[in-house]
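Just below is one structure, and these are the notes that go with it.
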Amino acid sequence: MADKQHLYLVDGSAYIFRAYHRLPPLTDPEGTPVGAVYGYTTMLWKLAEDLDKAEGPTHLAVILDKSSHSFRNDIYPEYKANRPPPPEDLVPQFPLIRDATRAFSLECIEEEGLEADDLIASYARAAAAKGWDVTIVSSDKDLMQLIDSGSDSSGRIDMLDTMKNQRISIPEVEEKFGVAPDLVGDVLALMGDSVDNIPGIFGVGPKTATKLIQEHGNLTAALDAAADMKKSKLKERLLEHREDAEMSRILVTLKEDCDLPVPLEDFALDGVPSEPLADFLHKHGFTSLLRRLDAGTGSPDRANDLNPAKAETAGAAASAKGNSQPLPDMPAVDRTSYECVQTRDALDRWIEKCLAARVIAVDTETSALDAMQADLVGISLATGPNEACYIPLQHGGSDMFDEKPEQIALDEALAALRPLLASDAVLKIGQNIKYDLNVLARYDVEVAPIDDTMIISFALDAGRGESGIGGGHGMDELSSRHLGHQPLSFKEVCGTGKKQIPFGEVPLDRATEYAAEDADVTWRLHKHLKPRLSIEGGTTIYERVDRPLVPVVAMMERNGIKVDRTQLARLSEEFATEMGKLEKQIHEDAGQEFTIGSPKQLGDILFDKLGYKGGRKGKSGQYSTDQAVLEKLAGEGAEIANKVLEWRQLSKLKSTYTDALQAAINPKTGRVHTSYSLVGAQTGRLSSTDPNLQNIPIRTAIGRQIREAFVAEPGNVLLAADYSQIELRLAAHMADVPSLKEAFEQGEDIHNRTAREMYGEVNRDTRAQAKTINFAILYGISRWGLAGRLGVEADEAQAMIDRYFERFPGIQRYIAETLETVRERGYSETLFGRKTWFPRINSKNQAERQGSERAAINAPIQGTSADIIKRAMARMMPALHDAGLDKVRMLLQVHDELVFELPEGDVDKAKPVIEKIMAEAARPAVQLDVPLGIEIGTGTSWDEAH
DNA sequence: GATGTCACG
DNA sequence: GACGTACGTGACATCA
């Protein structure tokens, strides 16, 4: 195994000037000039591509000039004095060069008082002395002095001009200067350099300089020989300007013994993350590179393209198999290892440490659960296992007399943390980081780029865990499952019930253990889970769909939506009055008072006391009194059933909507801010909580009044855009059903089409039945289920199913194939590759198995629909921005609908943009056989917008 | 905390 | 021969 080390030293400063002049004046989406950055990035890219080649680097660093002043100015004040200031549009690119470098996970070296050339010389010599080969990426002729063929004990040094794609070693130097590298300095001293303002000997150019050195052997000899020369202009000049030449010799001499600010070993190219790269490329609009990044990934992770982290990949493969095992290479969690950061010095140290680490976990501690109201209490950071800290910011009770613990002032700490948290070069990992994004956004702190262990877990394991809050992707569960470690629980730290205290009142030592542990565990989970994405095929859905969505959904949550409190209050009163009347009548009909809202009591009244027919149901032995049962009773003339139904509707609307929504209005913003879960639904759909804004009534007139209370600010309107019949369209595509596809292509009403195919004629009844069947198909049909819905016998329902399969060939095949693959692999997949696991698909329990089968038939369709609208959401704001529509706000998502708020005057311009983004959201990843129909409406209320 | 019910796509 | 009957959610009231 060849373990020859090969160090590449990139002369970044020289490169950027050349790139600037060679490339067109590009700007990024934000208008920042990035032409030189682009050139620089491309150059790094090319180097990265050579990683595995024989001549490729094992170590790499970029060297930059820190300031224009160096020790050479002390010798000769005019040094580089005639150099014009850098062009105005190059200046802002310098910091981006550093970002680009870090995005590639490369070291970036610069030192005050030293020029890049000196650092390069020192590093090159140091590496060569250790026997490493060195390649200097530059075309600077000064650096050619360093070129060396190497020996048994020392490595060789050569140069690479990436613009000309030319290697420079001794023959090339000899061709250019006519002398060996160690005499290049002497030639340069004679000829001078107008760019650096090195005088040399006036009137002596490269030709003469070379000739003199060749003839006399070195500079001193050449100068000494001048006295004996025959009279000439040259002799005069050599004598007259001898001192200039001698000083020039010093100026062109590279300082080869600088202290090395970063040890050579740190330049090793291994185990580096590449996520920041994609974000950097994206942010600056380097789409062609981004495409290449993606093209190179396919299934393998992009990290493999950019670094030779083979060890890491192999380890990940092992851990993916036994994913309940703790990682062998991580030390056990040690809560005593955490640091409580209470001084500015300590904070600065941690910030440096994070910048160096490039992959950090971040967690915020707050005073409450609601990200829109919670106060920031502290921040924890982790850079590795047991490398974590907690930064208390607002600890100490609200009581003025309490002594507050020592902590850095909030403003000061946030100002120090802002650049780190916003740096392209540092990946910020969170567990449900959307929460932290929203809390920090309220303190004007931006966090990007990000990764989220909860969402990575979801991309890998949706459907595998127990259902419940977090869906099996909560931190405690992930930690137990993957790390074999149980972190401190919030309860253990803050207590529970009445004794619960706010986090800000937890003593700092305890708070540090809890908070830093969360960051530590998050960091470890990321290390464990992230590599599984590429191995198990989750990269595409995570990188292309879910991860980009996090900041978008966070923004939607912060936007919130205005609700008219007066309108809701009025409805609450109306509903209460009506319920009171109904209650009285129901009690009269029952002949006694009872709690209508208690299904148990109601069942007893209806079926025992009043003697209506209706069986028991469920294990509880309780009568069912649901809508279907009550409607049946009402059909048989039971007036009380109708009244209960009406009462229930009002009760539901009042408690769940008109009362609850008023309480949900945020006092600071005056709006209602829901919280979306990106891991709530196994199919990939979002879910909405606190309050749920995805189930606001629409189906009944009385319920729609609640929608009227969702309004736009004055001068604005709400715009609702929804996908029409998206799941049926997807079914038509995925099952490849010719007549359904044709109907959608021709814009035909799909239920009419189904009715025509099934019954030969279209009327109200046949259309309604067709609609039911269409949905039944999407949901995984059974003869009994369909029979129950249509009110026919199971035999008849089966005949209809058979007819459906006959008229729409493809459906039956789709169902069979889907089930076959799910049984075999254990999971279903959407068109975009999202997996949903069905662990009970082969269960011996028939009910369980059949339930899984129905879900498995539905999941690819529902999930693909979710993928599509998510893609639309991720693209929406940039598209609106490009159209100059910065006042359009995206507020809500309701599975196949997006709700916006925008100035009335922007409607005409915004409509086509929104329509286009939604209609084309599947492309280019997937080319659907059916068009995606979009319906758009506007109005001052959500009801009107439909 | 479980159960039943019902709001949405 | 029994099972239990359409997919995916979240919130609320009641009751143990």
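Chain letters run A, B, ... following the sequence lines, proteins first and then strands; every chain starts at 1.
- Rounded to whole angstrom, the span from the NE2 atom of H895(A) across to the C1' atom of dC7(C) amounts to 12 Å.
- In the set dG9(B), dT5(C), dC7(C), the nucleotide with an atom closest to the side chain of A855(A) is dC7(C).
- Heavy-atom distances to DNA chain C give each of A847(A) and A856(A) a nearest nucleotide, and the one nearer the 5′ end belongs to A847(A).
- Every pair passing ring-ring contact (aromatic ring centres under 6.0 Å, His included) that includes a residue from residues 837-874 of chain A is listed here, sequence neighbours excluded: Y827(A)-W837(A).
- Between L932(A) and A919(A), the shortest heavy-atom distance links the atoms CD1-O, 3.7 Å.
- Although no hydrogens or angles enter the test, the distance criterion places a donor-acceptor pair under 3.5 Å between the side chain of T674(A) and the main chain of P691(A).
- At dC8(B), one or more side-chain N or O atoms of R699(A) fall inside 4.0 Å of OP1 or OP2 (strictly under the cut-off).
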Using a 3.5 Å cut-off and no angle test, enumerate the donor-acceptor pairs between side-chain atoms of residues 598-614 of chain A and protein atoms at least two apart in sequence or in another chain.
unit_1	atom_1	unit_2	atom_2	d
S598(A)	OG	Q601(A)	N	3.2
Q601(A)	OE1	T595(A)	N	2.8
D608(A)	OD1	Y623(A)	OH	2.6
K609(A)	NZ	A590(A)	O	2.9
K609(A)	NZ	Q592(A)	OE1	3.1

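- A salt bridge links K643(A) to D589(A): at least one charged side-chain nitrogen sits closer than 4.0 Å to a carboxylate oxygen.
- Donor-acceptor pairing under 3.5 Å, judged by distance alone, is present between the side chain of Q846(A) and the base of dC3(C).
- The pair K844(A)-E848(A) does not count as a salt bridge, with every side-chain nitrogen at least 4.0 angstrom from each carboxylate oxygen.
- Taking the side chain as every heavy atom from C-beta outward, E935(A) and Y723(A) never approach each other to under 4.5 Å.
- Residues in residues 690-702 of chain A take part in no salt bridge (charged side-chain N to carboxylate O under 4.0 Å, His left out) pair, two or more places apart or across chains.
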Point to revise | Strand DNA chain C as a dot-bracket string - pairs counted if Watson-Crick or G-U with both distances under 3.5 Å, | where the partner lies in another strand | key: ......|||||||||.
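- For the OP1/OP2 pair of dG4(B) and a distance below 4.0 Å, the side-chain nitrogens and oxygens of Q627(A) include no atom meeting the criterion.
- The residue I857(A) sits apart from the nucleic acid: no heavy atom pair falls under 4.0 Å.
- Comparing dA7(B), dC8(B), dT5(C) against the side chain of I698(A) picks out dC8(B) as the nearest.
- For S782(A), the listed nucleotide lying nearest its side chain is dT5(C); candidates were dA2(C), dT5(C), dC7(C).
- Aromatic ring orientation, W942(A) versus F710(A): perpendicular (interplanar angle above 60°, classes split at 30° and 60°).
- For T625(A), whose side chain is taken as the heavy atoms from C-beta onward, the closest listed nucleotide among dG9(B), dC6(B), dT5(B) is dT5(B).
- With respect to the salt-bridge test (charged N to carboxylate O, under 4.0 angstrom), the residues K562(A) and E901(A) do not qualify.
- The phosphate of dG8(C) has neither OP1 nor OP2 within less than 4.0 Å of any side-chain N or O from R685(A).
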Practice item. Summarise protein proximity over nucleotides 9-16 of chain C in one line of letters, 5' to 3': B for base, S for sugar-phosphate only, - for none, counting protein heavy atoms closer than 4.0 Å. Key: SBBSSSS-
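- Of the residues in residues 800-824 of chain A, none lies under 4.0 Å from DNA chain C by heavy-atom distance.
- At least one side-chain heavy atom of F744(A) sits under 4.5 Å from a side-chain heavy atom of Q725(A).
- One finds no side-chain N or O of R783(A) lying less than 4.0 angstrom from the OP1 or OP2 phosphate oxygen of dT5(C).
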